[in-house]
Engineer: 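I'd like to ask you about the structure that follows.
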Amino acid sequence: MAVLQIATQPFADQRPGTSGLRKKVKVFQQPHYLENFVQSIFSAIPDRAGQTLILGGDGRFYNREAIQTILRMAAANGWGKVIVGRGGLFSTPAVSTVIRARSAHGGIILSASHNAGGPDHDFGIKYNTANGGPAPEKITDTIWAASKTIQGYQTLDSADVDIDQDGEFLLGDMRVEICDPVAEYVELMARIFDFDALRQLLQGPFRMRFDALHAITGPYAHEIFEKRLGAPAGTVVNGVPLTDFGGGHPDPNLVYARPLADHLFAEDASDFGAASDGDGDRNMILGRQFFVTPSDSLAVLAAHATAIPAYRQGLKGVARSMPTSQAADVVAEALGIAHYETPTGWKFFGNLLDAGKITFCGEESFGTGSDHIREKDGLWAVLAWLSVIAHTGQSVAEIVTRHWQRFGRHYYTRHDYEALPAETGEQIMQSITAQLPVLPGQTLAGRDIIMADDFTYTDPIDSSVSTHQGLRLLFADGARLIFRLSGTGTEGATLRIYHEYLEQDAQRQQQDPQRALSDLIRLGRDLTRMESLTGRKTPTVIT
Ligand code: G16
């Protein structure tokens with residue numbers, strides 16, 4: 001098999017975003033587009049010769065074609081071995097698990113996460129490093145720089161290989177292993193959690209529903225909940241991964257996982273409901289007639305961590321992304337452990353986890369995880385919640401309301417304005433940025449503003465500095481209003497507005513968050529001049 005050197009030219013738009021490169025499938029299908037980006041990744045890893053790479057994706061449209069392209073290019077670029085999940089499938093947490101378990105040099109994950117899939121929707125590709133986590137900015141910047149000057153890529157003159165049978169074979173000089181994408185991940189979960197206790201819970205009267213949204217977690221959830229833990233067949237719904245996710249958005253929130261939410265709010269609701277996203281790293285947790293915000297979820301799990309065998313010794317510290325509510329900070333202070341505030345993006349937790357500074361971390365964007373891998377982990381979060389339920393014998397609603405009584409309730413809501421014209425998004429951010437210097441000292445929404453800035457993060461481990469990570473207004477009573485442009489959308493700009501305040505009074509902790517936060521919501525809309533600039537009266541998604 002000959003190595004081919006194919007001439008090419010740079011594409012202007014291959015800058016990796018919050019997690020890799022995400023574009024419409026049609027963009028990826030342009031000649032040389034995927035190849036250019038893959039070559040740019042490989043060029044950013046000069047010590048790849050002879051090393052092992054893990055490869056898989058969430059099964060969305062174009063996954064299988066991309067796997068073949070990447071295998072040929074990996075062989076031509078000197079990799080020693082590529083381990084591929086059978087059928088080209090791997091969840092993001094499973095890739096992180098296998099990178100670490102096999103001491104691989106890195107991994108490539110094919111996914112556009114929670115974005116819709118199919119020929120008219122999204123595809124994506126991201127690179128994870130040897131610690132199992134998303135490539136840090138210094139590597140993604142190198143990839144981007146390489147993509148701007150690329151003149152050619154190397155590939156192998158070879159036919160497609162069979163990725164549907166477990167086994168090993170040679171592709172050129174490179175070994176390829178096709179493996180079960182589920183097994184190593186499930187073994188890790190069995191080491192972290194008390195499967196006997198969970199089996200007792202799930203084989204009793206307790207009822208749960210897990211909605212895999214026709215995305216990657218179906219096979220993992222079937223194996224864990226129904227086979228290993230003995231939950232009744234039918235506990236996992238929409239468990240077969242489909243290339244277009246059955247036409248839905250594989251996004252576990254109240255809008256896109258509506259049927260699950262409807263079930264949990266119905267008369268005959270299960271006791272517990274959960275969903276995960278396209279690539280299996282996000283989670284949504286529901287109780288009977290109860291929605292747990294991701295920020296509360298992190299705080300509750302931190303408060304109950306010792307209920308889980310792997311964390312019985314307690315936590316080293318916790319971290320949350322800046323727009324995530326401060327609920328976890330309050331728990332950390334009560335536990336006497338450190339807490340950190342990072343920019344949005346799981347990659348920012350990597351150094352803290354590697355340095356042993358934190359055990360749990362989470363984000364408002366439905367991401368929760370621990371130091372067991374270097375990605376957020378949807379099924380881990382579900383198992384963690386089941387562990388807390390089994391340990392306390394309480395319902396989800398009881399666990400959370402007792403948490404609020406003890407620590408206070410951080411009312412929280414995020415409003416998303418999706419697919420704005422890109423210039424409008426920039427214009428809104430610039431106009432708020434211009435007002436930042438004059439906001440402190442003003443009283444708005446009935447509260448005194450004590451600080452207003454554009455969040456800058458200095459990594460406590462390597463001192464790298466990340467600027468422009470979101471505009472924040474901090475109020476004297478601890479409330480916050482935050483504005484940020486999404487780094488994961490593929491259509492125009494998505495503006496996110498995050499609203500939060502702490503209610504200590506237990507008598508006032510049962511309000512509807514939209515109502516409790518209405519003055520901050522109004523202020524956010526006013527400062528963006530949303531209606532006059534865009535004509536939009538309401539957000540696209542409220543969580
Ligand atoms: C990705 C990152 C998350 C981050 C999210 C933010 O999530 O992995 O760590 O919180 O993006 O998204 P946005 O920039 O749109 O607010 P995922 O699940 O899409 O990979």
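The model shown is predicted, which means the values in this text are computed figures rather than measured ones. Counting starts at 1 for both ligands and their atoms, following the listed order.
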Engineer: Do any N or O atoms from the side chain of T69 and from the backbone of E65 form a donor-acceptor pair under 3.5 angstrom?
Structural biologist: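 Between the backbone of E65 and the side chain of T69 there is a qualifying donor-acceptor contact (under 3.5 Å).
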Engineer: For atom 12 (O) of ligand 1, grab the closest protein heavy atom and report residue, atom and distance to one decimal in Å.
Structural biologist: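 Checking every protein heavy atom, the shortest distance to atom 12 (O) of ligand 1 gives T488 CG2, 3.5 Å.
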Engineer: For atom 5 (C) of ligand 1, grab the closest protein heavy atom and report residue, atom and distance to one decimal in Å.
Structural biologist: R282 NH2, 3.8 Å
Engineer: For the pair R414 and E364, find out whether any cationic side-chain nitrogen is under 4.0 Å from an anionic carboxylate oxygen.
Structural biologist: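 Between E364 and R414 there is a salt bridge, with a charged N closer than 4.0 Å to a carboxylate O.
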Engineer: Suppose I only count heavy atoms of W346 and a 4.0 Å limit; which atoms of ligand 1 are within that range?
Structural biologist: 9 (O)
Engineer: Do me a favour and list the nearest non-hydrogen protein atom to atom 9 (O) of ligand 1 with residue, atom name and distance?
Structural biologist: E363 OE1, 2.5 Å
Engineer: Report the distance from atom CG of L439 to atom CG of L474, rounding to the nearest 0.5 Å.
Structural biologist: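 Taking CG in L439 and CG in L474, the distance rounds to 11.0 Å.
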Engineer: Tell me, please: is S321 in heavy-atom contact with ligand 1, that is, under 4.0 Å?
Structural biologist: no
Engineer: Would you kindly specify which portion of H114 sits under 4.0 Å from ligand 1, judged on non-hydrogen atoms: side chain, backbone, both or neither?
Structural biologist: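 Side chain only.
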Engineer: For the pair Y457 and F455, name the ring-plane relationship: parallel under 30°, tilted 30 to 60°, perpendicular over 60°.
Structural biologist: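 Plane angle between 30° and 60°, so tilted.
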Engineer: By number and element, which atoms of ligand 1 are closer than 4.0 Å to a non-hydrogen atom of S113?
Structural biologist: 17 (P), 18 (O), 19 (O), 20 (O)
Engineer: Given L495, which partner from the list T424, D416, L420 fulfils the side chain to side chain contact (heavy atoms under 4.5 Å, CB included) test?
Structural biologist: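 Considering T424, D416, L420, a side chain to side chain contact (heavy atoms under 4.5 Å, CB included) with L495 is found only for L420.
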Engineer: Please classify the R22 to ligand 1 contact at 4.0 Å (heavy-atom distances, strictly less than): side chain, backbone, both or neither.
Structural biologist: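 It is the side chain that touches ligand 1; the backbone stays farther off.
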Engineer: Can you confirm, on distance only, whether ligand 1 has an N/O atom lying under 3.5 Å from any N/O atom belonging to S486?
Structural biologist: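 Min N/O separation from ligand 1 is below 3.5 Å for S486.
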Engineer: Would you say G487 has any N or O atom under 3.5 Å from an N or O of ligand 1, going by distance alone?
Structural biologist: yes
Engineer: For T344, take its heavy atoms, then give the atoms of ligand 1 lying under 4.0 Å from any of them.
Structural biologist: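 Answer for ligand 1: 4 (C), 6 (C), 10 (O).
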Engineer: Hey, are R374 and D354 close enough for a salt bridge, meaning a charged N less than 4.0 Å from a carboxylate O?
Structural biologist: yes
Engineer: Please say which of D122, D277, D251 ends up in a side chain to side chain donor-acceptor pair (under 3.5 Å) with N115.
Structural biologist: D122
Engineer: Enter the distance from E375:CD to D279:CG here, rounded to the nearest 0.5 Å.
Structural biologist: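 Output value for this atom pair is 7.5 Å.
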Engineer: Output the list of atoms in ligand 1 that are nearer than 4.0 Å to some heavy atom of R496, sorted by atom number.
Structural biologist: 13 (P), 15 (O), 16 (O)
Engineer: Short N/O distance, under 3.5 Å, between K126 and ligand 1?
Structural biologist: no
Engineer: Tell me, which protein residue and heavy-atom name are nearest atom 1 (C) of ligand 1, and how many Å apart are they?
Structural biologist: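 Here the closest protein heavy atom is S19 OG, 3.6 Å.
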Engineer: Side chain or backbone of D281 under 4.0 Å from ligand 1, or both, or neither, by non-hydrogen atoms?
Structural biologist: side chain
Engineer: Contact between V182 and I224 at the side-chain level, heavy atoms closer than 4.5 Å - yes or no?
Structural biologist: no
Engineer: Look at atom 8 (O) of ligand 1 and say which protein heavy atom is nearest, naming residue and atom and giving the distance to 0.1 Å.
Structural biologist: K376 NZ, 2.7 Å
Engineer: With heavy atoms under 4.0 Å as the rule, classify the contact between S365 and ligand 1 as side chain, backbone, both or neither.
Structural biologist: side chain
Engineer: On the 0 to 90° scale, with breaks at 30° and 60°, tag the F291-F366 ring pair as parallel, tilted or perpendicular.
Structural biologist: tilted
Engineer: Within a distance under 4.0 Å of any heavy atom of R484, pick out the atoms of ligand 1 and give their elements.
Structural biologist: 13 (P), 14 (O), 16 (O)
Engineer: Thinking salt bridges, do D329 and R320 make one under a 4.0 Å N-O criterion?
Structural biologist: yes
